[in-house]
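What follows is one structure encoded as structure tokens, with my remarks underneath.
Residues take their numbers from the sequence shown, with the count starting at 1.
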Amino acid sequence: MSLRIKAVVDKFVEELKEALEADMHDREMKEREMQSYIEEREREVAEREAAWKAELSRREAEIARQEARLKMEKENLEKEKSVLMGTASNQDNQDGALEITVSGEKYRCLRFAKAKK
């Protein structure tokens with residue numbers, strides 16, 4: 001009878017070992033699947049982040065270009081304003097010079113006499 005009990009116990013131990021091995025195998029498979037899923041999600045996030053950073057860089061570059069263009073336009077407008085704010089007066093000087101005042105500075109423009117034919 002003790003052989004019979006030993007055989008039952010041995011069979012139980014063997015089945016328990018097989019069940020534990022199967023459970024461990026299942027856990028390893030689930031762990032691999034989970035790791036694969038995590039890696040895939042991390043790749044997706046990294047791709048989205050790279051795309052976002054590229055779009056951000058593109059937008060920042062566009063803003064810098066627009067700022068430079070606006071700065072140039074502002075400078076050109078300031079120059080134009082400076083010229084428009086100047087005044088011209090035809091002084092009845094003996095030499096017939098035209099005096100122009102721009103930004104408080106006076107300029108004299110001499111006229112060339114036309115050659116008489």
Side-chain angles (χ1 to χ4, degrees):
M1 180 118 157
S2 68
L3 283 177
R4 216 166 148 198
I5 293 173
K6 183 175 182 333
V8 168
V9 169
D10 287 345
K11 184 176 180 186
F12 174 76
V13 168
E14 186 63 33
E15 288 174 356
L16 185 59
K17 284 181 181 178
E18 288 173 4
L20 286 172
E21 286 177 11
D23 186 51
M24 287 174 53
H25 180 70
D26 286 347
R27 286 181 186 221
E28 287 175 10
M29 292 299 290
K30 286 180 182 177
E31 179 67 28
R32 285 188 201 136
E33 288 174 7
M34 184 58 70
Q35 188 62 36
S36 176
Y37 172 78
I38 289 170
E39 289 170 359
E40 178 63 26
R41 294 290 294 153
E42 286 175 345
R43 271 193 300 277
E44 290 173 4
V45 168
E47 288 172 2
R48 283 198 315 263
E49 182 182 17
W52 180 82
K53 285 182 178 179
E55 178 66 13
L56 179 63
S57 293
R58 186 193 66 75
R59 286 183 180 185
E60 287 174 338
E62 179 63 25
I63 288 169
R65 280 192 296 276
Q66 288 180 3
E67 286 176 342
R69 183 180 54 80
L70 289 173
K71 182 179 177 186
M72 273 183 29
E73 283 182 24
K74 182 178 179 184
E75 289 171 357
N76 289 338
L77 285 173
E78 290 296 325
K79 288 177 188 174
E80 188 176 331
K81 178 182 170 187
S82 167
V83 169
L84 291 176
M85 295 297 286
T87 58
S89 62
N90 187 359
Q91 296 287 330
D92 192 11
N93 294 334
Q94 312 232 338
D95 58 6
L98 176 67
E99 287 188 3
I100 300 172
T101 305
V102 178
S103 300
E105 295 183 28
K106 288 191 174 191
Y107 297 92
R108 287 179 50 83
C109 301
L110 299 176
R111 295 184 186 175
F112 290 102
K114 293 184 180 179
K116 295 184 180 180
K117 295 183 183 180

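Taking Ile, Leu, Val, Met, Phe, Trp and Tyr as hydrophobic and joining them when side-chain heavy atoms fall under 4.5 Å apart, one finds L77 isolated, its cluster having no other members. Hydrophobic cluster of L70: no remaining members, since no ILVMFWY side chain lies below 4.5 Å from it. Members clustered with V8: none, using a 4.5 Å side-chain heavy-atom cutoff among hydrophobic residues.
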Exercise answer: donor-acceptor pairs, residues 23-30 side-chain atoms, under 3.5 Å, sequence neighbours excluded:
from : atom 1 : to  : atom 2 : distance (Å)
D23  : OD2    : R27 : NE     : 3.2

Using residues 51-58 as the side-chain source, report each donor-acceptor pair under 3.5 Å to any protein atom, sequence neighbours left out, with the distance given to one decimal.
from : atom 1 : to  : atom 2 : distance (Å)
K53  : NZ     : E49 : OE2    : 3.4
E55  : OE1    : R58 : NE     : 3.3
E55  : OE2    : R58 : NH2    : 2.7
E55  : OE2    : R59 : NE     : 3.0
S57  : OG     : K53 : O      : 3.1

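The structure places CD of E39 at 13.5 Å from CZ of R41, a figure rounded to the nearest 0.5 Å.
Residues passing the side chain to side chain contact (heavy atoms under 4.5 Å, CB included) test with R65 are A61, E62, sequence neighbours excluded. With sequence neighbours left out, E60 forms a salt bridge (Lys or Arg N to Asp or Glu O under 4.0 Å) with no residue at all. Annotation: side chain to side chain contact (heavy atoms under 4.5 Å, CB included) contacts of V9 (sequence neighbours excluded): I5, V13. Applying the salt bridge (Lys or Arg N to Asp or Glu O under 4.0 Å) rule to E40 yields the partners R43; only residues at least two apart in sequence or on another chain are considered. Every residue was checked against the side chain to side chain contact (heavy atoms under 4.5 Å, CB included) condition with M72, not counting sequence neighbours, and none meets it. The side chain to side chain contact (heavy atoms under 4.5 Å, CB included) search around L16 returns F12, L20, not counting sequence neighbours.
Comment: R69 engages E73 in a salt bridge, judged by a side-chain N to carboxylate O separation of less than 4.0 angstrom.
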